[in-house]
Protein chains: 2
Amino acid sequence: MSRERNGGTPLAERTSAAKGLADRLRRVGQRVTPQRLVILGTLSPGAHLSADDVFARVETHLPGVNRSTVYRTLELFGDLGLISVTDLGGGARVFELIDEPHHHLICHRCGAILELDDALVDPLRVAIRARYGFVPAVDHLALFGFCAACATATNG
Amino acid sequence: MSRERNGGTPLAERTSAAKGLADRLRRVGQRVTPQRLVILGTLSPGAHLSADDVFARVETHLPGVNRSTVYRTLELFGDLGLISVTDLGGGARVFELIDEPHHHLICHRCGAILELDDALVDPLRVAIRARYGFVPAVDHLALFGFCAACATATNG
DNA sequence: CCGATAGATGCAAACTATCGCATCTGCATG
DNA sequence: CATGCAGATGCGATAGTTTGCATCTATCGG
């Protein structure tokens with residue numbers, strides 16, 4: 001806390017969130033750049049942001065940032081398991097900081113979106129890991145199908 | 001087999017596959033068009049075709065067909081549960097005629113694709129139906145995560 | 001603190017997907 | 001078989017996403 005020089009960390013990693021990200025990126029051999037810090041800063045758990053939403057917010061803090069950078073960074077964060085990337089069927093994919101896993105059931109017919117309890121998904125996660133050794137990152141699943149009302153309407 | 005006149009069916013629904021589709025479309029109040037029959041004809045179980053693949057094949061049989069029609073028709077078939085629509089992470093979504101449900105595990109790190117036994121997925125399907133009355137159409141799931149090798153490499 | 005360099009960013013173009021609207025057509029009806 | 005119309009298609013425009021390449025920079029070694 002006392003004799004930490006600015007030169008110690010190449011960038012302004014003052015907030016704890018940014019510092020946490022910076023450390024995490026370095027740990028996996030990724031570079032820490034202003035763009036990456038700001039992009040992560042725009043995301044939060046519970047907020048479904050499109051790539052364009054993220055771009056708009058990032059631009060206010062970092063004018064001149066490029067759309068490609070936003071897309072590439074979001075994909076990187078997705079691969080690193082920092083954020084979830086989900087197609088809810090609304091045209092653009094949504095990005096969200098991962099906190100508690102949560103999922104959605106989306107009706108093909110009426111478009112209704114229900115929440116799906118992660119407790120129902122967890123056994124699948126466990127089974128996959130046990131059977132294949134594959135560690136699934138299912139933090140934000142979107143399953144399509146028919147809601148109770150539409151299923152009845154379609155069959156009957 | 002004997003006294004069936006051509007006028008009985010508005011289009012060339014000679015093959016059994018096409019006839020089956022035609023019947024199925026009519027049953028749910030959808031029209032039977034040449035485009036729809038040809039587009040379905042290009043799909044098969046086990047083949048992962050992109051929209052562009054489908055378009056290219058359809059074009060040889062039906063010159064002048066439009067990309068939009070292919071996209072719209074593929075979406076329709078998806079909603080009808082005839083085909084599966086899956087993002088395997090390769091840039092474009094893939095379409096496939098539904099036969100036996102099958103799923104994929106895709107490694108975020110090395111890109112490896114493993115098959116996932118539907119028997120592991122079925123309990124989730126059942127649980128969702130029991131809890132919410134929602135009937136999920138999970139015929140071709142793509143779950144991202146880390147394969148055994150990469151999971152080890154990442155943690156250790 | 002400086003120079004070297006692997007890797008990130010900016011930029012433009014290409015690719016993937018969707019949408020609005022005018023026209024055309026399957027098919028139900030008479 | 002002729003007619004009407006809801007709905008499908010073609011077309012162009014636009015939105016959403018990815019990619020190749022030149023330039024720039026975070027990080028490492030001296």
Side-chain angles (χ1 to χ4, degrees), chain A residues 5-13 18 21-23 25-40 49-56 58-59 62-80 85-95 111, chain B residues 5-13 18 21-23 25-40 49-56 58-59 62-80 85-95 111:
Chain A
R5 298 233 345 260
N6 266 347
T9 51
L11 286 167
E13 295 163 16
L21 171 67
D23 288 346
L25 284 175
R26 275 192 271 264
R27 219 178 304 135
V28 295
Q30 294 292 332
R31 290 191 186 172
V32 178
T33 70
Q35 289 87 342
R36 290 178 176 180
L37 295 179
V38 173
I39 288 169
L40 186 89
L49 295 186
S50 69
D52 196 61
D53 293 334
V54 174
F55 175 69
V58 169
E59 212 181 14
L62 230 105
V65 73
N66 196 271
R67 245 166 235 284
S68 311
T69 301
V70 171
Y71 277 104
R72 278 188 287 233
T73 303
L74 289 172
E75 182 174 348
L76 173 70
F77 288 172
D79 287 349
L80 292 179
V85 185
T86 314
D87 179 2
L88 294 178
R93 291 175 301 172
V94 297
F95 302 86
Chain B
R5 298 236 339 263
N6 267 345
T9 50
L11 286 167
E13 296 164 15
L21 171 66
D23 288 346
L25 284 174
R26 275 192 272 262
R27 219 177 305 135
V28 295
Q30 295 291 332
R31 289 192 187 170
V32 178
T33 69
Q35 289 88 343
R36 289 178 177 180
L37 295 179
V38 174
I39 288 168
L40 187 88
L49 294 187
S50 69
D52 197 61
D53 293 334
V54 175
F55 174 69
V58 169
E59 211 182 16
L62 228 99
V65 72
N66 195 272
R67 244 166 236 283
S68 310
T69 301
V70 172
Y71 278 105
R72 279 188 289 232
T73 303
L74 290 172
E75 182 173 348
L76 173 71
F77 288 171
D79 287 350
L80 292 179
V85 185
T86 314
D87 178 2
L88 293 179
R93 292 176 300 174
V94 296
F95 303 86

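Just so it is clear: chains get the letters A, B, ... in the order the sequence lines come, proteins before strands, and each one is counted from 1.
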Does [X] make a side-chain N or O approach to OP1 or OP2 of [N] shorter than 4.0 Å?
X	N	answer
B:Tyr71	C:dT18	no
B:Arg26	C:dC27	yes
A:Gln30	C:dA8	yes
A:Thr33	C:dT9	yes
B:Thr69	D:dG10	yes
B:Arg36	D:dA8	yes

Taking the minimum atom-to-atom distance to the side chain of [X], which one of [options] wins?
X	options	answer
B:Gln35	D:dG16, D:dT27, D:dG10	D:dG10
B:Val65	C:dA8, D:dG10, D:dT17	D:dG10
B:Thr73	D:dT9, D:dT19, C:dA17	D:dT9
A:Arg93	D:dT9, D:dT27, D:dT18	D:dT18
B:Ala51	D:dT27, D:dA8, C:dA17	C:dA17

Taking atom [atom2] of [N] as reference, at what distance in whole Å does atom [atom1] of [X] sit?
X	N	atom1	atom2	value
A:Leu80	C:dA8	CG	P	11 Å
B:Arg31	C:dC24	CZ	C1'	10 Å
A:Glu75	C:dT16	CD	P	15 Å
B:Glu59	D:dT9	CD	C1'	15 Å
B:Leu40	D:dA8	CG	P	16 Å
B:Arg67	C:dC19	CZ	P	17 Å
B:Leu74	D:dA8	CG	P	15 Å
B:Asp53	C:dT16	CG	C1'	13 Å

Q) Which pair of non-hydrogen atoms, one from A:Ala51 and one from A:Phe95, has the smallest distance, and what is that distance? A)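 Heavy atoms of A:Ala51 and A:Phe95 come nearest at N-CE1, 3.7 Å.
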**Q.** Side-chain heavy atoms of B:Arg36 within contact of B:Leu76, under 4.5 Å
**A.**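 Yes - at least one pair of side-chain heavy atoms lies under 4.5 Å apart.
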Q. Is the shortest heavy-atom distance from the side chain of A:Asp53 to the side chain of A:Val94 under 4.5 Å?
A.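 In short, these two side chains do not touch, never coming nearer than 4.5 Å.
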Q) Can you tell me if A:Ser50 and A:Asp52 form a side-chain donor-acceptor pair at under 3.5 Å? A)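 No donor-acceptor contact under 3.5 Å links the two side chains.
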Q. Would you say the side chain of B:Arg72 and the base of D:dG10 hold a donor-acceptor pair, judged only by whether the two atoms sit under 3.5 Å apart?
A.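 Flag set: donor-acceptor pair detected.
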(Q) Please evaluate residues A:Asp87 and B:Asp87 with respect to the criterion side-chain contact (heavy atoms from CB on, under 4.5 Å), reporting the C-alpha separation (whole Å), side-chain torsions for both, the decisive distance (0.1 Å), and the verdict. (A) CA-CA 9 Å; A:Asp87 179 2; B:Asp87 178 2; over 6 Å; no
Q: Could you check A:Val85 against A:Phe77 for side-chain contact (heavy atoms from CB on, under 4.5 Å), going step by step and ending with a plain yes or no?
A: CA-CA 9 Å; A:Val85 185; A:Phe77 288 172; over 6 Å; no
Q. Hey, which of these two, A:Asp52 or A:Asn66, hits DNA chain D nearer its 5' end, going by closest nucleotide?
A.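 In this pair, the answer is A:Asp52.
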Q | Nearest-nucleotide comparison on DNA chain D, the residue closer to the 5′ end among A:Ser68 and B:Pro63 | A |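 In this pair, the answer is B:Pro63.
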